[in-house]
Amino acid sequence: MLNIQIVTLNNDKTIKHTLESIKSIAGSVTVYDLGSTDQTLSICSSYKVKTIKGIFIDNISNIKNDLIEQNKKNWNFFIEPWEVLVSGGEDIKALVSNNPSAYKVQIIQNEVIGKETRLWHKTSNLKFENPIFEFVSCPDAKVSNIVLYNIGQSSLFDNEKQLEILKKWKIEQPLSAEPIYYEAFLHLANSNYNEFLACAESYLFKSSGMAATMLRFYYANIQLKVFDNLPKSSSAIAQCIIDNPKMAEFWCLLGDIYFRLTKFSKAIEFYNTGIILGSQRKLNDEWTINVKKYKDYPLAMIARCNDFLV
Amino acid sequence: MTIDPVSAILKVIENPLSKKGFQELLQYYTQTNRLQDAEAINYLLKVKFNAEYTNRHTEQ
C-alpha cells in the first residue's frame with residue numbers, strides 16, 4: 001500500500017536514525033543511493049529495505065520522479081536521510097487507509113517548522129520540481145500531524161555542488177526567478193550577506209506570494225542585524241506584515257527595529273501585537289513557524305524593554 | 001473607498017496605540033476577501049482596544 005522512498009549520498013551519520021524511526025510503519029522502503037562511499041549502504045543492509053544503486057545526475061527531481069514512476073504501491077512517502085519521524089506514525093497508517101489524497105508533513109529544523117508535501121496517493125500524479133531544493137507543489141495538500149525532525153544537513157550536496165547546479169539551472173532557464181530564490185538562501189546559509197541581498201532584491205523585484213514574503217522577511221532581518229539599515233528593514237517588514245499579519249515573527253522583527261532605535265514603548269507594542277495576532281494563526285496553515293517568536297521571545301524582549309523604561 | 005494597505009501599516013507603525021491603522025487594515029483584508037486575516041485583526045481590536053468591528057461597522 002505504501003512505499004517509503006529515501007535518496008542517499010554519504011549519509012552514514014544519520015541514516016540509521018531515519019530507518020529506525022520508520023521501522024514501525026507498515027510499508028516497503030526503497031533506498032536509492034547516488035554512490036555513497038561511506039557506510040550508508042552497509043547500514044541500510046541491516047534493515048529490511050530495497051537498495052538501488054543509482055546513477056549520479058545533477059537533478060534530484062528527475063531521480064525522485066523516476067522513483068515515483070517505479071513505485072508499484074498506491075502511496076508515496078518521501079523522507080530525507082537526515083530526517084527522523086518523531087510523531088505521526090499512526091497517522092500515516094490511518095491516512096493511507098483513507099481516500100486517495102495528498103498530505104503535507106511538518107518538518108522541524110532548529111526552531112522553525114516548515115511544511116512540505118511528502119505523502120500522496122499515486123492518483124494525485126504529483127511530481128517533484130527543480131533540479132535542486134526539490135519540492136512537490138500541491139496547494140490542496142492538507143497539513144497532517146506527521147512530524148519529521150532534521151538531525152543533520154539539508155541537502156545531498158555540498159555548497160560548491162549546489163552552486164554549480166544552480167548555475168546550470170540559470171543557464172537553462174534564464175528567465176526563471178526560481179534559481180535566484182534558492183541562490184539567495186544558499187548565500188544566506190553561507191553568510192555571504194551582500195550576495196544574499198543582491199539575489200533577494202532581484203527575486204523580489206519580479207515575484208510575489210508566500211515564498212517572496214518569507215525571502216523578504218530574511219532580507220529585512222539581514223538589513224537590520226548585519227547592515228544596521230533600519231529604513232530598508234522596516235519597509236520590508238511592513239510589506240511582510242501586510243502579506244500575513246498573523247506571523248508573530250514579522251511583528252517581533254518590527255519590535256526589534258524599535259528596540260534598536262531605543263524606542264522601547266513602541267517596541268513593546270509590536271511584541272504584544274505579535275503575541276495577540278500570532279495566537280490567531282492556525283497551526284496547520286502553509287506558512288513556516290518559528291515557535292519561540294509566538295511567546296517566549298516577545299515576552300523576553302518586553303521584559304528587556306521594561307528594564308530600560310524603569 | 002479602496003484602502004491602501006501600505007498607508008494603513010504605516011499608521012500602525014507610526015502609532016501602534018491608535019486603532020486607526022488597524023481599522024484600515026481590517027477594511028483592506030475585508031475588501032480583498034482575506035477573511036482569516038480580517039478575523040485576526042478584529043480579534044486584536046477586541047483584545048487590545050476593547051472594541052470589535054465588522055466590515056460594515058468600521059469606526060473612524
Side-chain angles (χ1 to χ4, degrees), chain A residues 143 208-210 213 216-217 220 224 230-261 263-287 294 298 302 305, chain B:
Chain A
V143 178
S208 60
M210 184 172 67
T213 302
R216 185 174 278 112
F217 169 58
L224 173 68
L230 276 59
K232 282 199 172 177
S233 182
S234 61
S235 63
I237 204 62
Q239 184 59 53
C240 292
I241 290 170
I242 292 167
D243 292 348
N244 189 344
K246 303 185 296 299
M247 293 283 284
E249 294 90 333
F250 301 165
W251 291 100
C252 282
L253 187 63
L254 189 57
D256 293 345
I257 292 169
Y258 279 84
F259 184 87
R260 170 71 187 80
L261 286 167
K263 294 188 175 176
F264 301 114
S265 297
K266 252 187 172 182
I268 288 172
E269 289 303 319
F270 296 133
Y271 292 127
N272 264 328
T273 301
I275 292 171
I276 296 167
L277 286 176
S279 72
Q280 298 304 291
R281 256 192 87 174
K282 290 181 171 48
L283 284 176
N284 62 355
D285 68 16
E286 288 197 330
W287 296 71
Y294 285 73
I302 288 168
C305 290
Chain B
M1 187 183 73
T2 307
I3 296 294
D4 172 17
V6 175
S7 162
I9 193 67
L10 289 178
K11 282 175 190 159
V12 169
I13 292 171
E14 182 64 31
N15 187 359
L17 289 169
S18 163
K19 288 181 279 193
K20 179 82 175 162
F22 290 112
Q23 287 168 338
E24 288 189 8
L25 276 179
L26 171 60
Q27 277 187 289
Y28 168 71
Y29 293 129
T30 306
Q31 283 175 353
T32 52
N33 209 29
R34 288 171 52 178
L35 300 181
Q36 286 187 9
D37 291 332
E39 279 174 25
I41 299 292
N42 209 26
Y43 176 77
L44 176 92
L45 286 164
K46 188 178 176 182
V47 171
K48 187 169 175 164
F49 300 102
N50 196 26
E52 191 170 10
Y53 301 87
T54 69
N55 56 345
R56 280 176 293 183
H57 173 206
T58 305
E59 190 180 290
Q60 296 300 311

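Both backbone and side-chain heavy atoms feed into the values below; hydrogens, waters and symmetry mates do not. All chains are named by letter (A, B, ...) in the order of the sequence lines, taking the proteins before the strands, and each is independently numbered beginning at 1.
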Rounded distance [0.5 Å steps], [atom1] in [X] versus [atom2] in [Y]:
X: B/K48; Y: A/I275; atom1: NZ; atom2: CD1; answer: 10.5 Å
X: B/L44; Y: A/I276; atom1: CG; atom2: CD1; answer: 5.0 Å
X: B/Q36; Y: A/N244; atom1: CD; atom2: CG; answer: 9.5 Å
X: A/K246; Y: B/E39; atom1: NZ; atom2: CD; answer: 9.0 Å

Chain A contact via B/I13 - side chain, backbone, both or neither, heavy atoms under 4.5 Å: both
Heavy-atom proximity to chain A below 4.5 Å, by part of B/I41: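 For B/I41, backbone and side chain are both near chain A.
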Closest heavy-atom pair and its distance - A/D243, B/R34: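 Looks like O-NH2, 2.6 Å.
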[X] portion near chain B, given a 4.5 angstrom heavy-atom threshold:
X: A/D285; answer: neither
X: A/S235; answer: neither
X: A/Q280; answer: side chain
X: A/I242; answer: both

A/K266 (side chain) donor-acceptor with B/L17 (main chain) under 3.5 angstrom: no
Top of A/T273, A/I257, A/I241 for chain B proximity - count of heavy-atom pairs under 4.5 angstrom: A/T273
Among the listed options A/S265, A/S234, A/A238, the residue most often paired with chain B at heavy-atom distances under 4.5 Å: A/A238
More than 12 heavy atoms of other groups within 6.0 Å of B/Q31 CD: yes
